[in-house]
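The structure appears below as structure tokens.
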Amino acid sequence: MEQEEAMKDDEEGGSPCIPNLNPNPCPICLGLLSQDSYLDQCFHTFCYKCIVRWTQVVSSRSSSLRQSSSVKCPLCKTENFSIIYGYDGITFQQHFINQNNGNSTFFSKDHKYRLQCYYTEPESGLLSDAFKVERYWKLHKYLQPNSWLEKWLKRELQALLQEEDVEIIMHHILGVIHSFSRSYHLKGKTHPLHRTQEEFKVLVADAAMPFLTARTKRFVDEVELFLASGLTVEAFDKAYRRCLGWKKSEETSEDNERTSTECEPIAPCLYFIDDDSDEVDWTEDKLA
């Protein structure tokens, strides 16, 4: 009866029921979403300016003397480390929590580049083929020490955890890798390659899981790529960027001429190591 009366009032010129024109407003300002942005762990959506301002307010009220590198989502309370915005279907930008405060002293552009790698899903086999992972295990190069691993591990953990002091975690994982190499020195080269590779990944994953949680599997793959490359940290970065078609903004044409891992970005390219030589020889294989 009440519904019939309401409908009758509408027909007679009463106030019609106004439909909700904004079913998914910004949870902070309750208005239309302006410059959609997402928190990197829970992917809840907010206006970019709203969520940045909210994280700043929360941080300013923190009783801690040291600015936190993460913030809890106002909706689900999940810890998030950055705000993703400007996504166009291919690329995106990131605003890191408190990036203009305490973290800026160590969180460099190289840290941000490495973290962005974890939000990128390369074509299957692209990186492992480019860095010759299979060759690394086949030639038992895992038995050889890598003098750049400690530097790379430290930066990788700093990028993922967004913490400057990662020495304990870094040495823990480094110790596991060194222990693995020593154990296989004693065992010799009789184990099947796939079992050796699998054991390595399990050991590193077990060491990293308490700290990296959901990012552990990708982290283990990245460790394997770096070891297989046999490159310095800087050379690895340049080769990695080239494989993904990225270019570092600071690179100049003069740098490209001097660096053996660089080439003109005419087309996406892969880099391969000569199977007949232990020396690293980057050559270019243009993609059609």
Side-chain angles (χ1 to χ4, degrees), residues 22-29 31-59 67-101 103-104 106-127 130 155-163 212-219 221-222 225-226 236-251 265 267-270 287:
N22 186 23
N24 296 304
C26 169
I28 296 176
C29 69
L32 290 172
L33 286 168
S34 175
Q35 194 177 8
D36 294 17
S37 61
Y38 313 86
L39 291 174
D40 67 355
Q41 297 298 306
C42 63
F43 290 100
H44 279 124
T45 310
F46 307 86
C47 296
Y48 176 69
K49 290 184 178 179
C50 288
I51 191 60
V52 169
R53 188 175 297 115
W54 186 84
T55 59
Q56 292 171 344
V57 170
V58 171
S59 297
Q67 294 285 357
S68 173
S69 62
S70 65
V71 70
K72 290 183 179 180
C73 171
L75 295 180
C76 67
K77 306 306 178 185
T78 299
E79 290 284 348
N80 291 269
F81 302 97
S82 67
I83 300 165
I84 300 172
Y85 68 101
Y87 179 64
D88 60 7
I90 301 176
T91 62
F92 60 88
Q93 299 183 64
Q94 280 181 282
H95 174 94
F96 296 92
I97 306 302
N98 292 318
Q99 66 177 20
N100 297 322
N101 296 318
N103 287 335
S104 60
F106 82 93
F107 205 81
S108 66
K109 290 182 179 179
D110 287 335
H111 286 91
K112 293 179 181 180
Y113 134 71
R114 284 307 303 167
L115 182 58
Q116 188 173 1
C117 292
Y118 284 74
Y119 291 93
T120 304
E121 290 295 336
E123 181 182 345
S124 178
L126 174 67
L127 294 173
R155 187 192 63 176
E156 198 80 355
L157 292 170
Q158 285 178 335
L160 293 174
L161 300 175
Q162 297 184 42
E163 297 283 351
L212 302 181
T213 58
R215 289 174 173 159
T216 300
K217 183 180 183 301
R218 179 64 182 272
F219 169 77
D221 291 339
E222 296 296 315
L225 288 174
F226 179 73
F236 176 78
D237 288 350
K238 290 177 181 178
Y240 199 106
R241 285 187 174 100
R242 287 297 181 183
C243 288
L244 297 182
W246 296 354
K247 182 175 176 63
K248 191 174 181 179
S249 58
E250 293 85 353
E251 291 175 3
C269 52
L270 299 179
L287 296 177

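Numbering of residues begins at 1 and proceeds along the displayed sequence.
For the atom pair CD1 of Ile51 and NE2 of His95, the computed distance is 10.0 Å after rounding to the nearest 0.5 Å. The CG atom of Leu75 lies 8.5 Å from the CG atom of Leu39; values are rounded to the nearest 0.5 Å.
In this structure Phe92 satisfies the side-chain contact (heavy atoms from CB on, under 4.5 Å) test together with Ile84, Tyr87, Gln94, Gln116, Tyr119, sequence neighbours excluded. Applying the side-chain hydrogen bond (donor to acceptor under 3.5 Å, both in side chains) test to Asp36 and every residue at least two apart in sequence or in another chain returns nothing. Every residue meeting the side-chain hydrogen bond (donor to acceptor under 3.5 Å, both in side chains) condition with Arg155, not counting sequence neighbours, appears here in chain and number order: Asp237. Scored by the ring-ring contact (aromatic ring centres under 6.0 Å, His included) test, Tyr240 finds Phe236 as partners (sequence neighbours excluded). The side-chain hydrogen bond (donor to acceptor under 3.5 Å, both in side chains) check on Gln35 picks up nothing, with sequence neighbours excluded. Listed by chain and residue number, Asp221 satisfy the salt bridge (charged side-chain N to carboxylate O under 4.0 Å, His left out) test with Lys217 (two or more places apart in sequence, or in another chain). Residues passing the ring-ring contact (aromatic ring centres under 6.0 Å, His included) test with Tyr38, sequence neighbours excluded: none. A search for side-chain hydrogen bond (donor to acceptor under 3.5 Å, both in side chains) contacts involving Gln158 returns His111, not counting sequence neighbours. Here Thr78 pairs with Gln41, Cys42, Cys76, Asn80 under the side-chain contact (heavy atoms from CB on, under 4.5 Å) rule; sequence neighbours left out.
Taking both residues in full, the closest heavy atoms of Ala159 and Leu115 are given as O-CD1, 3.7 Å, listed atom of the first, atom of the second, then distance. Thr45 and Pro27 get closest at one heavy-atom pair: O-CD, 3.3 Å. Here the shortest heavy-atom pairing between Ser82 and Asp40 reads OG-OD2, 2.9 Å. Summarising the geometry of Phe81 relative to Leu161, their closest heavy-atom pair is CE2-O, 4.5 Å, with the distance given to 0.1 Å. When every heavy atom of Cys73 is checked against every heavy atom of Phe46, the shortest pair comes out as SG-CZ, 4.1 Å.
When only modelled atom types and interatomic distance are considered, Gln93 and Tyr48 share no side-chain donor-acceptor pair under 3.5 Å.
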Tell me, with the steps shown, if Lys238 and Asp110 meet salt bridge (charged side-chain N to carboxylate O under 4.0 Å, His left out).
CA-CA 11 Å; Lys238 290 177 181 178; Asp110 287 335; over 6 Å; no

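With Glu156 as the partner, the salt bridge (Lys or Arg N to Asp or Glu O under 4.0 Å) test is satisfied by one option alone out of Arg215, Arg218, Arg114: Arg114.
Two residues are said to be in side-chain contact when any heavy atoms from C-beta on lie closer than 4.5 Å; Cys29 and Cys47 meet this criterion.
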